[in-house]
Amino acid sequence: MDPIILFFLFGLAAGLLKAELRLPSAIYEFVSMLLLLSIGLKGGVELASQPFLGLVPDILATLALGLVMPLLAFPVLIKLGRFKRADAASIAAHYGSVSVGTYAVAVAWLTTRGIGFDAHLPLLLVILEVPAILVGVLLARGISGDTDWGRVAHEVLLGRGIVLLLGGLLVGWLSDPDALGAIEPLFFDLFKGILAIFLLEMGLIAAARFGSLRQYGLFLVGFGVVMPLIGAVLGTLLGHALGLMPGGVLLMAVLAASASYIAVPAAMRISVPEANPTLSLTASLGITFPFNVLLGIPLYWRLVEALG
Amino acid sequence: MDPIILFFLFGLAAGLLKAELRLPSAIYEFVSMLLLLSIGLKGGVELASQPFLGLVPDILATLALGLVMPLLAFPVLIKLGRFKRADAASIAAHYGSVSVGTYAVAVAWLTTRGIGFDAHLPLLLVILEVPAILVGVLLARGISGDTDWGRVAHEVLLGRGIVLLLGGLLVGWLSDPDALGAIEPLFFDLFKGILAIFLLEMGLIAAARFGSLRQYGLFLVGFGVVMPLIGAVLGTLLGHALGLMPGGVLLMAVLAASASYIAVPAAMRISVPEANPTLSLTASLGITFPFNVLLGIPLYWRLVEALG
Amino acid sequence: MDPIILFFLFGLAAGLLKAELRLPSAIYEFVSMLLLLSIGLKGGVELASQPFLGLVPDILATLALGLVMPLLAFPVLIKLGRFKRADAASIAAHYGSVSVGTYAVAVAWLTTRGIGFDAHLPLLLVILEVPAILVGVLLARGISGDTDWGRVAHEVLLGRGIVLLLGGLLVGWLSDPDALGAIEPLFFDLFKGILAIFLLEMGLIAAARFGSLRQYGLFLVGFGVVMPLIGAVLGTLLGHALGLMPGGVLLMAVLAASASYIAVPAAMRISVPEANPTLSLTASLGITFPFNVLLGIPLYWRLVEALG
Amino acid sequence: MNAQSSHTRKLLTVVTEAALEAVLTRDLERLGASGYTIINARGKGSRGVRDAGWETDANIRIEVVCDEPIARRIAAHLQQRYYDDYAMILLLSDVEVLRPGKF
Amino acid sequence: MNAQSSHTRKLLTVVTEAALEAVLTRDLERLGASGYTIINARGKGSRGVRDAGWETDANIRIEVVCDEPIARRIAAHLQQRYYDDYAMILLLSDVEVLRPGKF
Amino acid sequence: MNAQSSHTRKLLTVVTEAALEAVLTRDLERLGASGYTIINARGKGSRGVRDAGWETDANIRIEVVCDEPIARRIAAHLQQRYYDDYAMILLLSDVEVLRPGKF
Ligand SMILES: Nc1ncnc2c1ncn2[C@@H]1O[C@H](COP(=O)(O)O)[C@@H](O)[C@H]1O
Ligand SMILES: Nc1ncnc2c1ncn2[C@@H]1O[C@H](COP(=O)(O)O)[C@@H](O)[C@H]1O
Ligand SMILES: Nc1ncnc2c1ncn2[C@@H]1O[C@H](COP(=O)(O)O)[C@@H](O)[C@H]1O
Ligand code: NA
Ligand code: NA
Ligand code: NA
């Protein structure tokens, strides 16, 4: 088995056994910062050798995907899940956005197998983070609402995740390629080791969420598995339609299938405070993240090949 | 001289000069976490290519060593040291258990010299951590005592050190060997550098303990030097009897000679709270750790060769 | 462009946009610790192959430079800047001392271009840190003052920066060169990556200082640019006079041009508390550091070549 | 206002979600507080355990020293604006301050 | 319980060894506290300097807001159970709480 | 001094610059405090925002429990010695201590 998956299982097991294990929060922040910068840098380096204009259709299509997914999820959460409007809107926003951790695991999965992917996927990752948040706020508040959109925009666009990804992209893009070699040991050679540490902590966090699962019942569990499957299908279709390489299609499927647990919760807490944050984080961290990492990625690869 | 030993001396000197130097605690935790995972991983990788059953005698013998050593130390501490029962029991438990930091220095010492050792030593390291704690609690409380053994067991078996070592072992054991290459830069290539940082902090910590030495007198200093020597002899004899490779015998001697300063203090604080924690930590950190790192390891190597 | 400069610009931009981005302080401390140790180690390794006595003239000349520079700056700050005596003394001390971060960027700049420099520059770096602090205290207090010089000396000589640089130097010097290979992955291979992270944070810090600039007016901005230029000329002349290699002359110019933002502020806060710390840090972090990193280093290189 | 002068003020202590830090400090200034002190915290209350392991789970503990009318005004504002949607407790007590002009 | 209602409660502050965190929070809940707030601390007292540099040397500072009988019960329990073997101080003071139903 | 005995003492709370930690703890001991508790903090006051992002910008919050004369002596000393040059506030309040012999 792949060691990074084993690190995740190790974290899950340690968490379920209530072992006294926790990454100091400063380390967790640093580790996730390195992952974001690495993903951005790598993308930026490869983008540098591409014409930018060719990317416009992909960018627009990705924006559309980010608008459509929460609109699909919302009525299901209201009708079948019987959630309050604010809760449904918030969960929908989580699933319309993306999880960088899941993306990183998928990149590692492709790299291990030597499968290539398009250079601009990190850019699409950034782009897919944003629209679902706006849709979520709109679904909760309505258009006429007294939302302070300036604050929402600041919260979203200048949050840690997006700034680090975009910053990495730009640095990679503008860097003299020869000079990049000197920073590779930190940002590229250590990538999988850092990812292993990150997944150990994610296992501990996911395990801590299992406790809330019983409380919120079967619907949430079902949603946390079915919604990614729907996302994966949409992502795969879109990826093929855009003519991405097979690895790129997989990453698009993974992006659509994954649910946010950093950018969206932070934005919702400020913009839709009446939504219960435990609900969406339980689904996203307790169900969807483990599902995608352990079962989803290989499954979506079959899908990519089947629909290819 | 070996740079990692120089880092330890640097820490000692800075500490004695009261320089304003301290590793942030989050970094200390991370650094020790990486060492534990690295040791576990390395062991697990090599264990994977061995029949597990052949290890049973070594495991049983190591357990026995962990039971015997505190039983040897306890009467000495009571009779010669005139310590209170709880204090004697607690110190005995520290010396019956092991120090992972000392083990790591010994591994680095062997690696520098190209001396091989048996793959299952990390497993024996984990095993030797535990029994002395139970013996220590028994010595302090008696069998009939009202000890909450469930809590003691949880405290001991699910403490940070053991969980990380065992987790690393399992991940290494179950990993696809080809996939491990990608995490080597973090866990293997950085090992000695990380160990250097760790030893710098250990030097600072040991220096801070020197202050308490005068207070507790000469007996403690003597015990902190003689007990490791006795441990080293027992470890060497056991290692030879089990037919370990010379490097493996040295590591067994070092394990027996070293005294715990993480797992045992934490367990004793909860299970034998009336024992004075300063006493055992002064001996373990202020005397035995520096002794083993600076003088013990090369000495024990001669012993291994002499008794071999 | 060089990626580490881009990381600094990225930090500046994120800071000016008030993005929610900050290195946890434990990480900042660790990163700067690794830089200091790396610089020291590298210097120590190379010093080991040199006769020590030959360095005495360079050491004395550097001490003299550290005494002269604050004496030059002080009257200008009093007369032209109309600062209070304590503030002028404190700012003068900052500019007479050095910035290790700037030095590290200059080393990276030279390395990228394959330009060699003398092995003992890290030693001169340490030496140049100290005298300006003593001059600053004297300028503020006068010789007859009731300064507790023991405390000042302790504060200065046993501060974090100097201890780590000197410790690294000694470890590098005394280490068995063969054994050093094992710690290179952490201390040497990661150097530029770690420097990139450091510069990202420095960009954020510098941006946070821009706010105070308006408050303190144009004189401070001018001083923060002109003083480094004067320093660079003095450093260049001294470097050539001492017969350093071209890279060494550049580093000497950079040392003289840079202003302290760690050791000196800490010492001044305790020894000259009536000096306003915001004033000197605004100049040093908000103007001189960015100026040196973005424009100064290449400029000083031309100077080195012109005066060479 | 000599060195020994001293007066009584109110100490308002708020324990709440870390996510609110930026908005709360803006509110405090607007409502007339001359300063505040913030500390990271963890805890448990009616909204369950908040153990700071995860960003959205961290607490902060804010202290504000001010005169009674301002303290009441801040407390009323926080209660009305945040109590329903956020983990939050509010405590008030008396403190003697050494340089009353400051608060 | 309107927005301005307020009452007095006790604030119990405990400074003790970090190693006790898990057992103490269990004790607190068992003895009737509706919540608690914990902060990492360092300090000095009769058991010497505890500067958090080393795991066994760290302190925590626990605050519990509750009514007087519960505060006394908790204080008595802690004193009887932990005072002899652990670094620990206990302080009690009065605080006004804004939503009394909560505590 | 039985388990229930209790008395009133003063709690002196100081929020000031982290750079002063070493000198202040020496002062406290010299002036008769039997102990102290320190916590890292950030905040805002008359000397602007001190947000702990940068070493010279960090605050600490020191608590000292002692009898009233010592509290007054410490407060007067801090005020005379540090108030003019450093960011610092001083608060005094009453607390009940459970083992009065200790303070
Ligand atoms: N009774 C209490 N005593 C001390 N702190 C409390 C208490 N109740 C709540 N808290 C703190 O206030 C935070 C928010 O409380 P709540 O809104 O009740 O969840 C908790 O996470 C605790 O840190
Ligand atoms: N007089 C005091 N004022 C404030 N805090 C104290 C005092 N005495 C003790 N402490 C705190 O309580 C902890 C335990 O105290 P002790 O049991 O006296 O060692 C110390 O480490 C300090 O953090
Ligand atoms: N009104 C206040 N309420 C609470 N804390 C304050 C207040 N004023 C100042 N502080 C704290 O005391 C520190 C120093 O205050 P100052 O000397 O006024 O800058 C500030 O950084 C805050 O942490
Ligand atoms: Na998604
Ligand atoms: Na042992
Ligand atoms: Na300079």
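Every chain is numbered from 1 and lettered A, B, ... according to where its sequence line falls, protein lines coming before strand lines.
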From [X] [atom1] over to [Y] [atom2], what is the distance, rounded to the nearest 0.5 angstrom?
X: I183(A); Y: I4(C); atom1: CD1; atom2: CD1; answer: 9.0 Å
X: L174(A); Y: I5(C); atom1: CG; atom2: CD1; answer: 13.0 Å
X: L21(C); Y: M33(A); atom1: CG; atom2: CE; answer: 5.5 Å
X: T112(C); Y: D176(A); atom1: OG1; atom2: CG; answer: 9.0 Å

Legend entry - For Y261(A), ring pair (Phe, Tyr, Trp, His ring centres under 6.0 Å) partners two or more places apart: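 Ring pair (Phe, Tyr, Trp, His ring centres under 6.0 Å) check on Y261(A) returns F289(A), W54(D).
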Legend entry - Members of residues 189-196 of chain C whose heavy atoms come closer than 4.5 Å to chain A: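 Answer by number: D189(C), L190(C), K192(C), G193(C), I194(C), A196(C).
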Legend entry - Residues of residues 7-18 of chain C with any heavy atom under 4.5 Å of a heavy atom in chain A: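 Hits under 4.5 Å: F7(C), F10(C), A14(C), L17(C), K18(C).
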Legend entry - Nearest heavy-atom neighbours spanning S175(A) and L6(C):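 The pair with the smallest heavy-atom distance is OG-CD1, 3.3 Å.
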Inset, instruction - Starting from the C-alpha separation in whole Å, work towards a yes-or-no answer on side-chain contact (heavy atoms from CB on, under 4.5 Å) for L23(C) and E29(A). - result: CA-CA 8 Å; L23(C) 216 55; E29(A) 266 188 57; over 6 Å; no
Legend entry - Residues of residues 157-173 of chain A contacting chain C, heavy-atom criterion under 4.5 Å, by residue number: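 Residues L158(A), G159(A), R160(A), V163(A), L164(A), G167(A), G168(A), V171(A) are the ones that qualify, each having a heavy atom under 4.5 Å from chain C.
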Inset, instruction - Take atom CZ of R302(C) as the centre, draw a 6.0 Å sphere, and report whether it contains more than 12 heavy atoms from other residues, nucleotides or ligands. - result: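 Counting neighbours around CZ of R302(C), 12 or fewer heavy atoms of other residues, nucleotides or ligands fall under 6.0 Å, so no.
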